[in-house]
Protein chains: 2
Amino acid sequence: MPYHSAPLDLAFHALSDPTRRAVISRLAEGEASVSTLAAPFGMALPSFAQHLRVLEESGLIASEKRGRSRWCRLVPARFAEAADWMEAERRRAAERLDRLESYLAKTEEG
Amino acid sequence: MPYHSAPLDLAFHALSDPTRRAVISRLAEGEASVSTLAAPFGMALPSFAQHLRVLEESGLIASEKRGRSRWCRLVPARFAEAADWMEAERRRAAERLDRLESYLAKTEEG
DNA sequence: GCGATACTAAGTCAAATGCCTTATCATTCA
DNA sequence: TGAATGATAAGGCATTTGACTTAGTATCGC
């Protein structure tokens with residue numbers, strides 16, 4: 001059984017690699033074929049294809065075969081799940097710090 | 001040599017595990033000791049401590065020994081780096097879709 | 001059809017991950 | 001002082017990861 005299985009597990013794992021983040025960045029500009037995506041990386045194509053597979057299994061990207069090329073695109077929904085989790089936690093921590101701060105201010109005042 | 005080394009690599013890798021995300025969530029409410037953090041997880045303490053080590057090496061949390069307990073807290077700055085990256089990419093993708101949409105609207109109109 | 005192009009499948013390998021147990025260190029408190 | 005507590009060190013083991021090479025499939029253009 002894989003160590004990562006829940007959507008957020010898969011998404012964050014996919015994002016933990018610089019090659020895969022670069023692919024995400026590229027795809028934010030629009031769809032692209034596998035070889036086009038692979039070109040900037042000094043990596044054998046099968047190795048690169050595995051990164052795409054990780055991204056696709058995470059749901060962050062989707063792909064479709066057209067002729068002999070495979071075209072990849074971002075899937076904003078799954079990306080948003082991960083981003084939303086981060087924003088929610090960030091806010092929770094920030095709000096706690098705000099409460100702490102105002103508590104300290106009140107203590108000093110009193 | 002570790003596969004993950006850059007700050008974002010380490011941060012996203014740290015977040016790819018549900019135990020570690022739960023720790024982050026807990027710490028968003030305030031600092032806590034190692035055993036307090038470990039309590040909800042049916043896991044040997046050394047195993048749990050390794051998760052904390054991953055989190056600390058990623059810079060997402062910091063810790064300090066007080067007496068025989070170690071107290072952990074969030075480090076918002078590192079967390080923000082990862083969250084900011086996600087927000088930036090999300091916006092880039094959204095803006096592209098906006099451009100695409102207005103292009104299509106103009107085409108239909110013309 | 002035939003060669004070139006674009007992937008994909010299959011197998012190898014070193015290293016990392018995640019869990020465990022056992023043993024040890026450090027601090028607190030009776 | 002000496003036992004209990006909180007954490008850490010050390011080592012083991014199955015699985016996963018990330019890279020490679022070699023070989024195969026499917027499509028396109030001549």
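All of these numbers come straight from a predicted model, not from anything done at the bench. Note on naming: letters A, B, ... go to the chains in the order of the sequence lines (proteins, then strands), and numbering restarts at 1 for each one.
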Legend entry - Pairing of A:E31 and A:R66 as salt bridge, 4.0 angstrom limit: yes
Legend entry - Any A:K65 side-chain nitrogen or oxygen under 4.0 Å from OP1 or OP2 of D:dT27: no
Inset, instruction - Among C:dT8, D:dG18, D:dC20, find the nucleotide with the atom closest to the side chain of A:D17. - result: D:dG18
Inset, instruction - For the pair A:E56 and A:R53, find out whether any cationic side-chain nitrogen is under 4.0 Å from an anionic carboxylate oxygen. - result: no
Legend entry - Nearest-Å distance for atom pair CZ/C1', residues B:F48 and C:dG18: 14 Å
Legend entry - Side-chain N,O (A:S47) to OP1/OP2 (D:dG18) below 4.0 Å: no
Legend entry - Side chain of A:M43 (C-beta onward), nearest among D:dA19, D:dA10, D:dG6: D:dA19
Legend entry - Basic-acidic side-chain contact under 4.0 Å: B:E95, B:R92: no
Legend entry - Distance, nearest 0.5 Å, that separates CZ of B:R70 from CG of B:L37: 12.0 Å
Inset, instruction - Would you indicate which nucleotide in C:dT27, C:dT17, C:dA4 comes nearest to any side-chain atom of B:H13? - result: C:dT17
Legend entry - Nucleotide nearest A:R68 (side chain, heavy atoms from C-beta), chosen from D:dT27, C:dG18, D:dG6: D:dT27
Inset, instruction - Measure the distance from CD on A:E64 to P on C:dT8 and round it to the nearest whole Å. - result: 13 Å
Inset, instruction - For A:P46 and for B:L45, find the nucleotide of DNA chain D with the closest heavy atom, then tell me which residue's nucleotide is more 5'. - result: B:L45
Inset, instruction - Report yes if at least one side-chain N or O of A:R20 is closer than 4.0 Å to OP1 or OP2 of D:dG18; otherwise report no. - result: yes
Inset, instruction - Report the C-alpha distance between A:L15 and A:L60 in whole Å, list the side-chain angles of each, state the deciding distance to 0.1 Å, and finish with yes or no for side chain to side chain contact (heavy atoms under 4.5 Å, CB included). - result: CA-CA 9 Å; A:L15 294 172; A:L60 290 173; 3.9 Å; yes
Legend entry - Protein-nucleotide distance (A:Q50, atom CD; C:dG11, atom C1'), rounded to Å: 11 Å
Inset, instruction - Could you tell me the separation between the CH2 atom of A:W71 and the C1' atom of D:dA26, rounded to a whole number of Å? - result: 17 Å
Inset, instruction - Measure the distance from CD on A:E57 to P on C:dT8 and round it to the nearest whole Å. - result: 13 Å
Inset, instruction - Using a cut-off of strictly less than 4.0 Å, decide whether A:R70 has a side-chain nitrogen or oxygen near OP1 or OP2 of C:dA6. - result: no
Inset, instruction - Identify whether any heavy atom of A:A49 sits under 4.0 Å from a base atom; if not, whether one sits that close to sugar-phosphate; answer base, sugar-phosphate or nothing. - result: nothing
Inset, instruction - Take atom NE2 of B:H51 and atom P of C:dA16, then tell me their distance rounded to the nearest Å. - result: 18 Å
